[in-house]
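Notes for the one structure printed next.
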Amino acid sequence: MKKKESILLVLVIVFAVVPLWILPWFESMAVSEKSGTMYGLLYPLYQLLFVAAAFIVLCMMIKTLNEERMDRFLIWLLPLVLCFACLFTGVHSRQKIRMQGMAAAAERSQNLIAAIEQFECDEGQPPRNLSELVPAYLPEIPGTGMQAYPAFEYYVGDIARERYVGNHWVLRVFTPQLLMSLDELFYLPRQNYAEYGASVERVGDWAYLHE
């Protein structure tokens with residue numbers, strides 16, 4: 001194996017073990033309110049580098065097969081296997097941190113939920129938007145406390161009933177993990193999460209939809 005190829009192999013192997021610590025670290029930044037802009041800048045960069053490393057490994061494996069060098073093919077197979085093992089472990093650790101962050105956001109919403117319920121009790125209907133709660137019921141609309149998903153979304157009326165199994169108002173936090181992910185954390189005042197589907201995980205009085 002040439003020196004340049006050996007150096008490239010070492011770099012790819014090092015990058016293969018990165019998910020063990022970088023995925024939990026990125027997730028802790030995502031659900032923290034003090035991560036600043038680092039999450040938004042570094043996470044896309046990491047995803048780009050990960051795809052590049054996977055492409056390099058694939059190209060080298062194809063090259064060794066074309067050269068009928070099975071010994072070198074097996075060498076390049078090592079970082080691929082290592083990457084999948086580390087990725088699986090990193091994703092598992094990341095998910096634990098993620099759900100802890102979701103539970104903290106659900107806890108922070110209690111004053112907001114109480115304000116909506118009190119408004120509904122006083123006025124006979126829920127507020128049309130969250131701004132109607134200020135200043136009589138809340139000094140300001142609270143945030144989620146999560147850097148990557150900072151705001152609570154509010155739905156009321158027909159759109160809430162149609163999308164959320166008959167609830168007349170709903171609080172929601174859109175929490176995508178990847179480009180095609182549609183995960184969300186949501187609160188149903190009727191607490192009828194069992195009607196929503198099997199991919200829903202309870203988070204206190206809230207629920208998390210894994211999509």
Side-chain angles (χ1 to χ4, degrees), residues 23-24 26-40 43-44 47 91-92 94-211:
L23 289 180
F26 274 135
E27 194 59 44
S28 66
M29 286 201 299
V31 298
S32 169
E33 58 183 335
K34 298 181 181 180
S35 62
T37 60
M38 289 184 65
Y39 176 83
Y43 193 48
Q47 290 178 313
V91 167
H92 179 72
R94 172 192 176 185
Q95 193 63 18
K96 290 179 63 176
I97 294 171
R98 184 177 186 79
M99 296 314 296
Q100 290 170 359
M102 297 301 152
E107 185 65 28
R108 294 186 193 100
S109 72
Q110 295 307 305
N111 288 342
L112 178 57
I113 292 172
I116 295 172
E117 292 174 342
Q118 187 60 52
F119 183 102
E120 185 174 15
C121 181
D122 294 343
E123 303 294 333
Q125 61 183 15
R128 290 169 295 179
N129 52 67
L130 294 180
S131 62
E132 290 188 350
L133 299 173
V134 180
Y137 297 89
L138 290 171
E140 61 181 4
I141 305 303
T144 66
M146 298 187 291
Q147 173 68 26
Y149 324 109
F152 291 107
E153 299 175 13
Y154 175 70
Y155 297 95
V156 65
D158 291 341
I159 187 171
R161 281 187 285 268
E162 291 170 5
R163 292 180 57 179
Y164 294 95
V165 289
N167 286 266
H168 58 300
W169 64 268
V170 172
L171 282 174
R172 171 185 185 257
V173 183
F174 184 46
T175 58
Q177 299 188 65
L178 300 171
L179 292 177
M180 299 302 293
S181 169
L182 297 176
D183 289 15
E184 62 178 290
L185 179 71
F186 61 101
Y187 175 84
L188 303 181
R190 292 178 57 198
Q191 297 288 288
N192 54 333
Y193 298 108
E195 300 176 30
Y196 202 82
S199 57
V200 168
E201 177 181 351
R202 288 297 298 267
V203 183
D205 291 336
W206 286 64
Y208 188 87
L209 177 65
H210 296 273
E211 282 284 289

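Predicted model, so just to flag it, every value in this text is computed and none were measured.
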Kindly give the heavy-atom pair with the smallest separation between [X] and [Y], and that separation in Å.
X: Ala106; Y: Ser109; answer: O-OG, 2.6 Å
X: Ile141; Y: Ser131; answer: CD1-N, 4.5 Å
X: Ala103; Y: Val203; answer: CA-CG1, 3.5 Å
X: Pro126; Y: Val156; answer: CG-CG2, 3.7 Å

Residue His210 excluded, over 12 heavy atoms near NE2 under 6.0 Å: yes
Is Arg128 atom CZ crowded by more than 12 heavy atoms from other residues, nucleotides or ligands, each under 6.0 Å away? no
[atom1] of [X] to [atom2] of [Y]: how many Å apart, nearest 0.5 Å?
X: Glu195; Y: Arg190; atom1: CD; atom2: CZ; value: 5.5 Å
X: Tyr193; Y: Arg202; atom1: OH; atom2: CZ; value: 5.5 Å
X: Cys121; Y: Ile116; atom1: SG; atom2: CD1; value: 14.0 Å
X: Phe186; Y: Thr175; atom1: CZ; atom2: OG1; value: 10.5 Å
X: Arg172; Y: Leu209; atom1: CZ; atom2: CG; value: 9.5 Å
X: Leu130; Y: Leu138; atom1: CG; atom2: CG; value: 9.0 Å

State, with a plain yes or no, whether a side-chain heavy atom of [X] is found less than 4.5 Å away from one of [Y].
X: Met102; Y: Met146; value: yes
X: Leu185; Y: Tyr187; value: no
X: Tyr164; Y: Ile159; value: no

Ignoring hydrogens and angles, state whether a donor on the side chain of Asp183 or Tyr208 is under 3.5 Å from an acceptor on the partner side chain. yes
Is the ring pair Trp206/Phe152 parallel, tilted or perpendicular, if the boundaries are 30 and 60 degrees? tilted
Show the numbers, then the answer: is there a side-chain contact (heavy atoms from CB on, under 4.5 Å) between Ile97 and Arg94? CA-CA 5 Å; Ile97 294 171; Arg94 172 192 176 185; 5.8 Å; no
For His168 and Glu120, run side-chain contact (heavy atoms from CB on, under 4.5 Å): C-alpha distance rounded to whole Å, both residues' side-chain angles, the deciding distance at 0.1 Å, then the answer. CA-CA 11 Å; His168 58 300; Glu120 185 174 15; 2.6 Å; yes
Spell out, as yes or no, whether a donor-acceptor pair under 3.5 Å connects the side chain of [X] to the backbone of [Y].
X: Glu27; Y: Gln95; result: no
X: Thr144; Y: Ala105; result: no
X: Arg98; Y: Ala30; result: no
X: Tyr154; Y: Pro127; result: yes

Quick one: do Trp169 and Glu117 satisfy side-chain contact (heavy atoms from CB on, under 4.5 Å)? Show the steps, please. CA-CA 10 Å; Trp169 64 268; Glu117 292 174 342; 4.2 Å; yes
Determine whether Tyr155 and Glu162 satisfy the following criterion, side-chain contact (heavy atoms from CB on, under 4.5 Å), listing intermediate values before the conclusion. CA-CA 11 Å; Tyr155 297 95; Glu162 291 170 5; over 6 Å; no
